[in-house]
Amino acid sequence: MRREDDDGIWARSGIRGRDGSGLGIFGPAALATLLLVAGAERANAQESPPPSENAAPSLMDRETRDVAPPGQPISAEEIGFEADKIDYDYGADVVTASGNVHVTREGSRLAADQVVWDRKAGTVIARGDVALVNEKGDKAYADEMDVTESLRDGIIDNLLIVTNDENRLAAERGERKGEIYILNHAAYTPCRVEDDNGCPKEPTWQIQADRVVLDRARELVRYDGARVKLFGLPVIPLPGLRHNIGENGGSGLLVPNINYDRRNGFEIAVPYYWRLASNRDLTITPHVYSNVIPMVEGNYRALLSTGAFQVTGYATFSSQTDIGGTTATTDEKLRGYFAASGKFQFDPLWSLSGSLRYVTDRTFLNRYDISHEDRLRSTLNLERIDTRSYLSIAGWAFQSLRTNEPTGQVPIAIPAIDYRLRMTDPLLGGTVQLQANSLSILRTTGQDTQRAFTGLTWTKNFLTGLGQEVSVTGYARGDVYHSDQNELSPTVIYRGNPGWETRGIAALALDMRWPFIGKALGGAQRIVPRVQLVLSPHLANLNVPNEDARAIDLEDSNLFALNRFPGYDRYEDSSRVTYGFDYTLNIPNFTFDATIGQSYRLDESASVLPNGTGLSDRLSDIVGREQLRFKDFVTVTHRFRLDKDNLAVRRNEIEATVGSRKTYMEVGYIRLNRNVTAGVEDLRDVEEIRLAGRIAFAKRWSVFGSTNIDLTGASDDPTSQLSGFEPVRHRLGIAYEDDCVEMGLTWRRDYQTVGDAQAGNSFQLRLVFKNLGI
């Protein structure tokens, strides 16, 4: 076959009219096992008188009579035929099967127009629409197969292999020499070679080679003169290409990534994958840049009998600009990032999980586009879980990447212990849960805090005769705190008193829901009025430090919570009544649900809740949520908070998705206008909009984009230096995807400069050949 005929190899391979499902990478021993059924050893063969020329034996009958003794099964090394006609040349010792020939042996099947078994020469020849299926479901198609009876050698013309995972390999000629298979002028693709209408089409991509050598013993494939053709164009030469075809995979190069940005210039990353063992692997990726020194990335993974873990690291030498972006060091220094995560299940009850992360400086991750996080978290957690109890012994550490945040103020929490026990014998018909908790928070140049408490929660649920759902909850807790260097905490209301402090907490809550369900608009609606009464004495909350209950805000999710603070260090004291209702409407293809509510504090004592939270006055703000769904096409969620005095919108949050999986638009908008008390850093007002979308066209092409804009201005946050319209990041790209390839080009612009992570444009070229590890 001539080189200029490369594009016709799939048409001549015989797949059309035989198999319309398409192909992919051939399996670990696809060709070897496919050839297995073409012939057999002649052991146990016995001569018998020549058969009648016009006999039409059923499956196995003729071969049983000619080869095996009467009444005995065929040996596993012998061949059984079924055909319209079987002739036996007794003198030449040749069996010829013609017309709808089916040959079976050890679970494998061969079909052809004609099969000739020359028992003296020890050869089996199949001609005419030859199809061979092994016990694994792999298929081979050819015009002619000629193999020896011992199966050690053989030749196949115009070969096509379709594996059980729909991979395809075509060759002009295939030859086997022992465990080595040589395919001349071959092509491989995981892509379909027929369109949806069954018409021939060239695969999206394919690897073509002058010669392919398959070493079955080593499960290795080697290509001579290999090249990748994409959309019919030879785009990537691959000299010396080889890869493993075993079920366990093998080492080799992976698909490269190509990028460009203003900071580092052009980048090419070529990963190399090492298979160290069946349960361990290592990937090394050199990142080569046009403007800076290269960087190396490594990823190690392991699967053990008790769990799994992975370790990732980056390292390079480069100069660093300080976080303010004004001073650059002239000497290059070692910079990098380390991350590890894993989980181990020691027995059905005990497990250990963790995540460790560290970076050498605050701008490295952003500079090399690894991550845009502003804080790294490391944790280690030992857990025991059974049907009645839960135990967690954990440690937490944080690394701040934020501008102007002192490192010494970043906390380390070790240990954090939490134990819970659900009692088997209920009290007064309810359920009881005991909890014990302790926490130690350390800072190098900040406030240190230790805390321990024990608590008891009793709950009873019942249904009245009028259909009201009633829940009664009793809560009691005793706390012990110790803290020092309290004056180093920047927020006064979070400090508490230094030294030892104790606190007792008690609360009793009655919660009632009254569901009403009925027909509406061809569907069903559900209206659920709800009221909650909470009785709790006044507490000296400010006497103890606040480490875990800072960012409080009245929302629909915590409206009916027993304690609307997010942690344990603050407890919402005083008595209150909370009221509201839930509404749900379900009609065909349409769902709408909403909730709204408000609370009122029964006593006039001052609240520990700061202004701007919606809970600082006796009457709270009004909060709610609405969600609308139409099939899987439209989802809109709106959360709001209205000022109790003038109904001004203090919180306005919208999340909307419209479209299908291929074509859609996403909108996210939030504005917090809460008039927050000055000096509370966790409760700042913001305004932000996020837009993203994708439009599919021409069946497999799509364009996509996203933007993030900070709309916060001085009117929202007096401390803000932003203009009120500050772009953060834009992204725009085009992509193509079909059954065997993904590719895309993405442009991104960052508008913020942080140290040596400069603002500017970047481009990424992505090309993924599915089902190919090279």
Side-chain angles (χ1 to χ4, degrees), residues 6-27 30 138-139 141 160-170 186-209 223 226-238 241 243 245 249 252-259 271 632 659-665 692-706 731-747 763-774:
D6 283 347
D7 291 339
I9 190 169
W10 301 106
R12 282 188 293 273
S13 65
I15 186 171
R16 293 172 180 85
R18 294 174 174 158
D19 180 72
S21 60
L23 292 173
I25 294 178
F26 50 91
D138 300 322
K139 306 172 186 176
Y141 302 96
L160 172 68
I161 296 175
V162 183
T163 66
N164 59 356
D165 53 358
E166 296 301 317
N167 295 295
R168 301 164 179 80
L169 177 69
Y188 156 75
T189 185
C191 310
R192 296 179 61 185
V193 295
E194 289 182 346
D195 60 21
D196 295 337
N197 298 320
C199 299
K201 78 177 186 70
E202 288 302 315
T204 306
W205 71 269
Q206 58 182 298
I207 296 178
Q208 294 186 344
Y223 297 83
R227 58 233 172 245
V228 172
K229 299 188 71 174
L230 182 65
F231 296 109
L233 301 175
V235 293
I236 306 177
L238 297 173
L241 173 65
H243 64 79
I245 60 169
L253 294 173
L254 303 179
V255 178
N257 293 319
I258 300 175
N259 297 279
D632 293 329
S660 63
R661 294 182 61 186
K662 293 184 178 180
T663 299
Y664 60 86
M665 183 175 183
R694 180 181 292 270
I695 300 175
F697 66 96
K699 193 175 182 179
R700 302 194 181 278
W701 290 88
S702 63
V703 292
F704 58 89
S706 64
R731 190 170 67 106
L732 185 65
I734 185 170
Y736 173 90
E737 181 178 2
D738 61 19
D739 60 312
C740 61
V741 70
E742 295 181 24
M743 64 179 186
L745 177 64
T746 304
W747 162 77
F763 299 88
Q764 181 184 42
L765 176 63
R766 183 170 183 265
L767 180 60
V768 177
F769 297 117
K770 297 181 181 179
N771 301 323
L772 177 64
I774 60 174

Heavy atoms of P203 and C191 approach each other most closely as CB-CB, 3.7 Å
When every non-hydrogen atom of V741 is compared with those of D738, the smallest separation belongs to N-OD1, 2.9 Å
Within 6.0 angstrom of I695 CD1, more than 12 heavy atoms from elsewhere = no
In terms of heavy-atom contacts, W205 and T189 come closest through O-OG1, 2.6 Å
Can you tell me how the ring of Y736 sits relative to the ring of F231, calling it parallel under 30°, perpendicular over 60° and tilted otherwise?
perpendicular
Closest heavy-atom pair, P256 versus P271, reported as atoms and distance to 0.1 Å, is CA-CD, 4.2 Å
Looking only at heavy atoms, the pair that brings R731 and T746 closest together is CG-CG2, 3.6 Å
Rounding to 0.5 Å, atoms NZ (K699) and NZ (K662) come to a distance of 8.5 Å
Distance col, row Q206:CD vs R227:CZ, nearest 0.5 angstrom, shows 9.0 Å
Hits for salt bridge (Lys or Arg N to Asp or Glu O under 4.0 Å) against R766, two or more places apart or cross-chain, chain-then-number order -> E742
d(L732 CG, F763 CZ) to nearest 0.5 Å is 10.0 Å
Closest heavy-atom pair, S702 versus R694, reported as atoms and distance to 0.1 Å, is OG-NH1, 2.8 Å
d(T204 OG1, D739 CG) to nearest 0.5 Å is 6.0 Å
